[in-house]
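All figures in this text were calculated on a predicted structure; none of them were measured in a lab. The chains referred to below are lettered A, B, ... by the order of the sequence lines, with proteins before strands, and numbering in each begins at 1.
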Number of protein chains: 2
Amino acid sequence: MQQEMQDQEFNIKQDPYNYMLRVLFNRWKPYIIRAISFDQDAGRPTYYSAFFKQLPITQKVLSQNLKELEQDGLIERHVLPENLRVEYHLTEYGSTLLPILDAVYDWGWHDMKKKDIPIDPLGEMWHGYRKQDASRMHQPFKNKQ
Amino acid sequence: MQQEMQDQEFNIKQDPYNYMLRVLFNRWKPYIIRAISFDQDAGRPTYYSAFFKQLPITQKVLSQNLKELEQDGLIERHVLPENLRVEYHLTEYGSTLLPILDAVYDWGWHDMKKKDIPIDPLGEMWHGYRKQDASRMHQPFKNKQ
DNA sequence: CAGTATCCTTAGGGATACTG
DNA sequence: CAGTATCCCTAAGGATACTG
């Protein structure tokens with residue numbers, strides 16, 4: 001019985017850390033979730049087009065990530081037929097990730113400060129590390145100027 | 001003065017989330033830190049060769065990650081000249097990441113359970129989700145059978 | 001407006017061999 | 001024993017064009 005146990009190796013594909021790399025810790029998901037959460041706090045939904053006003057992400061990558069986040073139960077997608085817009089909301093389940101994201105951001109923020117690495121001010125606003133300035137926070141990245 | 005603020009875009013390279021993707025959330029670092037922490041709890045150091053008994057990682061990738069972790073102040077490297085071995089320890093600073101890693105693992109573990117995704121038992125032992133079995137936990141991955 | 005579809009680039013990691 | 005050095009490969013993301 002010990003033998004049948006021993007012929008197993010660690011399978012990273014079935015481990016929660018690796019799983020979380022797919023579910024949450026990729027290049028854009030923390031920012032997408034943060035953007036939705038930020039709008040939610042302000043009492044408004046997040047439209048598909050709104051992400052581009054905050055994040056230099058392409059449509060392909062955004063759509064991919066939104067689809068995965070929806071399939072994983074972290075966000076909800078609502079189509080408004082009258083004007084062809086689509087709203088995104090954080091689910092309650094998805095919001096259970098916010099404390100983790102906060103802890104990660106905070107650790108990183110302090111480490112960067114400690115090491116004198118410059119920190120992006122927009123991200124700081126989203127996280128309350130800098131006074132919020134609406135005129136900057138929704139300034140489009142594209143069609144700038 | 002508002003103008004000079006507005007002509008800035010979000011620079012992901014200077015944001016803590018992205019920074020943490022390099023510092024901590026890559027394929028192997030959570031496991032490396034976990035392995036050292038596990039040995040530390042058991043009162044012993046972690047030798048370079050010991051990682052290969054737990055993780056299917058290559059020497060190149062392990063060395064790379066250990067070097068970064070050391071440069072980032074998360075682990076310490078001690079050479080024992082008498083027998084040419086090298087020990088690795090978690091620094092106090094590095095151990096401040098453990099609560100975050102635990103929270104990430106736990107969220108992922110519960111999510112996988114909820115969705116009936118099989119979870120690797122070795123990782124569960126390292127995290128106390130399964131009774132520890134020393135005979136399995138240090139079974140080499142390489143030269144198996 | 002909110003997406004697909006295609007093509008391309010690159011960074012991270014894997015395999016293997018070699019070294020002080 | 002504890003690493004480098006090379007070469008290779010894939011998966012994630014970027015650029016651009018098109019669509020209901």
Measure the distance from [atom1] on [X] to [atom2] on [N] and round it to the nearest whole Å.
X	N	atom1	atom2	result
A:Gln64	D:dG14	CD	C1'	11 Å
A:Phe51	C:dA2	CZ	P	10 Å
B:Phe25	D:dA12	CZ	P	18 Å
B:Lys29	C:dG13	NZ	P	8 Å

Answer yes or no: does a side-chain N or O of [X] lie under 4.0 Å from OP1 or OP2 of [N]?
X	N	value
B:Arg22	C:dA11	no
A:Asn26	D:dA12	no
A:Tyr47	C:dG3	no
B:Arg77	D:dG3	yes
A:Ser49	C:dA2	yes
B:Lys67	D:dT4	yes

- [ ] Answer yes or no: is there a side-chain heavy-atom contact under 4.5 Å between A:Asp111 and B:Met20?
- [x] no
Task: From A:Phe25 atom CZ to B:Leu21 atom CG, the distance as rounded to the nearest 0.5 Å - done: 8.5 Å
- [ ] May I ask you to establish whether B:Lys114 and A:Tyr93 are in a cation-pi arrangement, using a distance under 6.0 Å from NZ or CZ to the six-membered ring centre and at most 45° from the ring axis?
- [x]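 Judged by the rule (NZ or CZ under 6.0 Å from the ring centre, within 45° of its axis), B:Lys114 counts as positioned above A:Tyr93.
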TODO: Assess whether one donor atom and one acceptor atom, taken from the side chain of A:Lys60 and the base of D:dG14, lie less than 3.5 Å apart.
DONE: yes
Task: Five-pair end axes of the helix from C:dC1-D:dG20 to C:dG20-D:dC1 and the angle they enclose, rounded to 10° - done: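 Its terminal axes enclose an angle near 50°.
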Open item on the list: Among C:dC1, C:dG14, C:dG3, which nucleotide has an atom closest to any side-chain atom of B:Trp28?
Closed with: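 The nucleotide sitting nearest to the side chain is C:dG14.
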- [ ] Tell me which nucleotide among C:dG14, D:dG3, C:dA2 gets nearest to the side chain of B:Tyr48.
- [x] D:dG3
